[in-house]
Amino acid sequence: MTDLLTTGATRLPVESDAALERIHRLESLLGDPDDPDNPLGLRAVLDADERGELLPEGERALARFGLGAEFVPAALGGRFERADRFALLMRSLFRRDCSLGIGHGITSFIAGLPVWADGSAEQRRRVAELLCGGGRVVAAYTELDHGSDFARVSLAARPAPGGYLLDGGKQLVNNIGRAEAAVLFARTDDRPGSRGHSHLLIDLEGLPTGRAGRSYRYATSGVRGCLLGGIGFEDCPVPADTLLGQEGGAMETVLKVFQVTRCVLPGVVVGVGDTQLRTVLAFAGERRLYGGPVSALPLSRSVLTDAFVDLLICDALSMVAARSLHLLPEEASVRSAAVKYLVPKLLQDNSYRLGVLLGARSYVRQGPYAGFQKAARDLPVVALAHASEAVCLSNIVPQLPRLAERAWRPALDRARDAPAAPETLFRLHDPLPELDFSRLELTTHGADSLTGVLPALADELAREAAHRPEVAELAALAAAFTDELADLARRAGSLSPRDRTLVAGRPAFLLAERYALLLAVAACLGVWRAAGTRDPFLADPLWATAALRRLAERLGPRRDPQPEPVVEALFEELDGRRRDALTFDLFRTGLATRAVPAKGVDR
Ligand SMILES: Cc1cc2nc3c(=O)[nH]c(=O)nc-3n(C[C@H](O)[C@H](O)[C@H](O)COP(=O)(O)OP(=O)(O)OC[C@H]3O[C@@H](n4cnc5c(N)ncnc54)[C@H](O)[C@@H]3O)c2cc1C
């Protein structure tokens, strides 16, 4: 294969990265979104949404592509090798249609994880074969009676001759009505405590008649095509070999493998933000007010460039989080919660601001900008799925005091043994070791080598600023964020005993939120620092400084807008990418749009 993949600065020979080649292939398969005759184009996607169905041509195309194999580790015959590349692949699909992204499979990815982590060789083989062959396995966790309170999940799996008897139900489970298998989170012990639940891998097609029903569909406001359904069991026998992992071990497994999904999903959802920004940018260039395009109005230009900078922040944080699953898995418990909290939040804030800019067309369900309203409806649903903002922050809160003591204070004291992330964490094209599920931990035990890079980088930048005026503001911002970290460490250390638990009060949640913002600062600085010469835009302090300014605005100490020359430079980059059909993320990858296909996809 001699195809080349266009990125902003360089043309990467795709043989060097098979995953990038597949992303390119998927993008080509999805084709031009603006072509009304494209069966996978935006028109078809919107029509399917209006009908409340998953685009049938889309499902067929993804089956031909073999999307299911992307969810299966390479060691088991699939194509999953790197969490960061997987997020980029799914991002392509989410740029086009969230419903297809969720409906055709990302929940199969979620369901596969406990199997890869805990399953027997036979269970792994079966699920790998099922997914590689185009089948589905669903993750059945939710009970509307209990929501995120997993410890109270009540669907019972009672011991019975030859296996278990299932009693109870699950709701809001994606694809439950048409999947071949399910990973079921069930109560196997009535005693209180964390060892009351087990995972069962059940064959949905082999259930005895009359003992299980799975027909109900929940209609949703966003991702309308998705088939969220329910299942109910009544004294339903399943064999003993359905048990996945150890009896009583499901809670621990869930808390570990959800770290993987929480690191990956935000990187996927960046695609929705890209589509929204692309739509509104096109509108702002075409719509004329007061004798010029809307994009010439300074306020509009700021909204557009702020959304661009926030997308870069989201990408830096989600890529670093995904890469850290491979490089620093023992630290993932807190990082995964932070990225799953912050990225959807930034995207949703921009969805609102871009919607205001788009005006009436932000809610009109037809015409050239109708993709926006669908994305704006899909985004909050997708952001809520799996773990809400509050749930993510509540996972960070109990870990704050130990992080302050063991990671932040040594880093702030410039202690020789202070943990600092390896540079490869930030080099987005560097190879990664295999993801080792056995290295995931329930807590980080106070380790946080990502935030640890902040004081060290601030020192480096301060020295550099003396002879490089273009990094002076970045250095000043890095120093201000280092002071923020010191303040956070002080406050985290003095949290009351109640504020160190899941039922903590608002002040503790605010600290967790500030921590997530500081992680984003460290990720942006790290990615900028490690960019090298491959992509001049990424190596330019322009975007990193703009990113830190945006984050400073959120943290509170500074509320300065971006200076006008910065807005102009960012707008030029943004609009250039639109014209050249390149993504708005850190990768500047070619898109298959009609406007300039030869530039976007080089053959
Ligand atoms: C598109 C989509 C697909 C889905 N697919 C699946 C699937 O395939 N399988 C599946 O099992 N489920 C699935 N779900 C369900 C999803 O996982 C649930 O929406 C989720 O578990 C939240 O449950 P809940 O809304 O009942 O929230 P609840 O837990 O009832 O939360 C209520 C409120 O309390 C807040 N809250 C919760 N805990 C805390 C805390 N500790 N501190 C402070 N506030 C807190 C929440 O943020 C929320 O505001 C899907 C959902 C969606 C939207």
Side-chain angles (χ1 to χ4, degrees), residues 18-19 66-83 85-86 105-141 157 159-166 173 175-176 179-189 194-207 236-261 263-264 325-326 329-330 332 432-442:
L67 192 71
E70 301 290 341
F71 310 145
V72 178
L76 293 168
R79 301 198 292 247
F80 180 90
E81 283 177 305
R82 284 174 53 171
R85 292 296 193 241
F86 174 71
I106 203 142
T107 47
S108 286
F109 170 70
I110 298 174
L113 294 171
V115 182
W116 320 139
D118 266 0
S120 65
E122 171 56 15
Q123 286 170 325
R124 288 182 208 189
R125 188 194 58 75
R126 258 181 24 228
V127 173
E129 244 172 42
L130 177 66
L131 292 176
C132 290
R136 294 183 184 85
V137 51
V138 298
Y141 289 92
Y164 299 92
L165 276 183
L166 301 178
V173 178
N175 282 329
I176 186 81
E180 289 86 354
V183 170
L184 203 65
F185 186 80
R187 180 171 280 288
T188 42
D189 189 335
S194 61
R195 302 215 39 100
H197 295 92
S198 307
H199 277 129
L200 302 180
L201 173 62
I202 61 168
D203 173 4
L204 288 169
E205 293 176 330
L207 295 173
C236 179
V238 289
D241 67 1
T242 55
L243 180 68
L244 190 60
Q246 283 182 356
E247 203 168 88
M251 188 66 88
E252 185 173 334
T253 301
V254 164
L255 292 174
K256 288 181 177 172
V257 298
F258 279 10
Q259 295 171 24
V260 177
T261 48
C263 280
V264 167
L325 283 171
H326 298 259
E330 44 292 303
L432 289 169
E434 199 176 325
L435 200 165
D436 182 353
F437 290 96
S438 69
R439 284 179 60 199
L440 296 167
E441 299 271 356
L442 293 177

Check your understanding: Counting N and O atoms only, with roles assigned by atom type, does the side chain of Ser198 sit under 3.5 Å from a partner on the main chain of Gly248, one being a donor and the other an acceptor?
Key -> yes

Point to revise | Geometric class of the Phe80/His326 ring pair [parallel <30°, tilted 30-60°, perpendicular >60°] | key: parallel

**Study point:** Any donor-acceptor pair under 3.5 Å from Glu70 side chain to Phe109 backbone
**Key:** no

Point to revise | Distance-minimising heavy-atom pair for Val173 and Ala139 | key: CG1-O, 3.6 Å

Review point. Under the side chain to side chain contact (heavy atoms under 4.5 Å, CB included) criterion, do Leu244 and Leu184 qualify, and how do the steps go?
Key: CA-CA 9 Å; Leu244 190 60; Leu184 203 65; over 6 Å; no

**Study point:** Side-chain donor/acceptor of Glu252 to backbone N/O of Gly249, under 3.5 Å
**Key:** no

Review point. Looking at side-chain heavy atoms only, is the closest gap between Val254 and His197 below 4.5 Å?
Key: no

**Study point:** Separation of Glu247 CD from His199 NE2 (nearest 0.5 Å)
**Key:** 13.5 Å

Practice item. Please confirm whether the backbone N or O of Glu441 pairs with a side-chain atom of Gln259, one donor and one acceptor, at under 3.5 Å? Key: yes

Check your understanding: For the atom pair CG (Leu130) and CD (Glu180), what is the distance rounded to the nearest 0.5 Å?
Key -> 5.0 Å

Exercise for review: Starting from the C-alpha separation in whole Å, work towards a yes-or-no answer on side chain to side chain contact (heavy atoms under 4.5 Å, CB included) for Asp203 and Arg126.
Suggested key: CA-CA 10 Å; Asp203 173 4; Arg126 258 181 24 228; 5.6 Å; no

Check your understanding: Out of curiosity, Asp436 CG to Leu325 CG, how far, rounded to the nearest 0.5 Å?
Key -> 11.5 Å

Review point. Does a salt bridge link Arg125 with Glu122, judged by any charged N lying under 4.0 Å from a carboxylate O?
Key: yes

Study note, to complete from the structure: Shortest non-hydrogen pair, Arg82 vs Leu432, comes out as NE-CD1, 3.7 Å

Review point. Once the angle between the rings of Phe71 and Phe86 is folded into 0 to 90°, is it parallel (under 30°), tilted (30 to 60°) or perpendicular (over 60°)?
Key: perpendicular

Practice item. Give the minimum heavy-atom separation between Ala250 and Phe185, together with the two atoms involved. Key: CB-CE1, 3.6 Å

Study note, to complete from the structure: To the nearest 0.5 Å, atom CZ of Arg136 lies from atom CG of Leu204 at 12.0 Å

Revision key, fill the gap. Exactly one candidate in Asp118, Val264, Val257 meets side chain to side chain contact (heavy atoms under 4.5 Å, CB included) with Leu113; the answer is Val257

Check your understanding: In Å and rounded to the nearest 0.5 Å, what is the OG1 to CD distance from Thr253 to Gln246?
Key -> 8.5 Å

Point to revise | Passing option when Val137 is tested against Asn175, Val115, Thr107, Val127 for side chain to side chain contact (heavy atoms under 4.5 Å, CB included) | key: Val127

**Study point:** Ala111 versus Val183, closest heavy-atom pair with distance
**Key:** O-CG2, 3.5 Å

Check your understanding: Looking only at heavy atoms, what is the nearest atom pair of Arg79 and Gly66, with distance?
Key -> NH2-O, 2.9 Å

Review point. What distance do Thr261 atom OG1 and Ile106 atom CD1 have between them, rounded to the nearest 0.5 Å?
Key: 9.0 Å

Point to revise | Glu434 versus Ala75, closest heavy-atom pair with distance | key: OE2-CB, 4.5 Å

Exercise for review: Could you tell me whether a side-chain N or O of Arg124 sits under 3.5 Å from a main-chain N or O of Gly119, the two making a donor and an acceptor?
Suggested key: yes

**Study point:** Heavy-atom neighbours of Glu81 CD exceed 12 at 6.0 Å
**Key:** no

Check your understanding: Would you say Glu330's side chain and Leu440's backbone share a donor-acceptor pair under 3.5 angstrom?
Key -> no

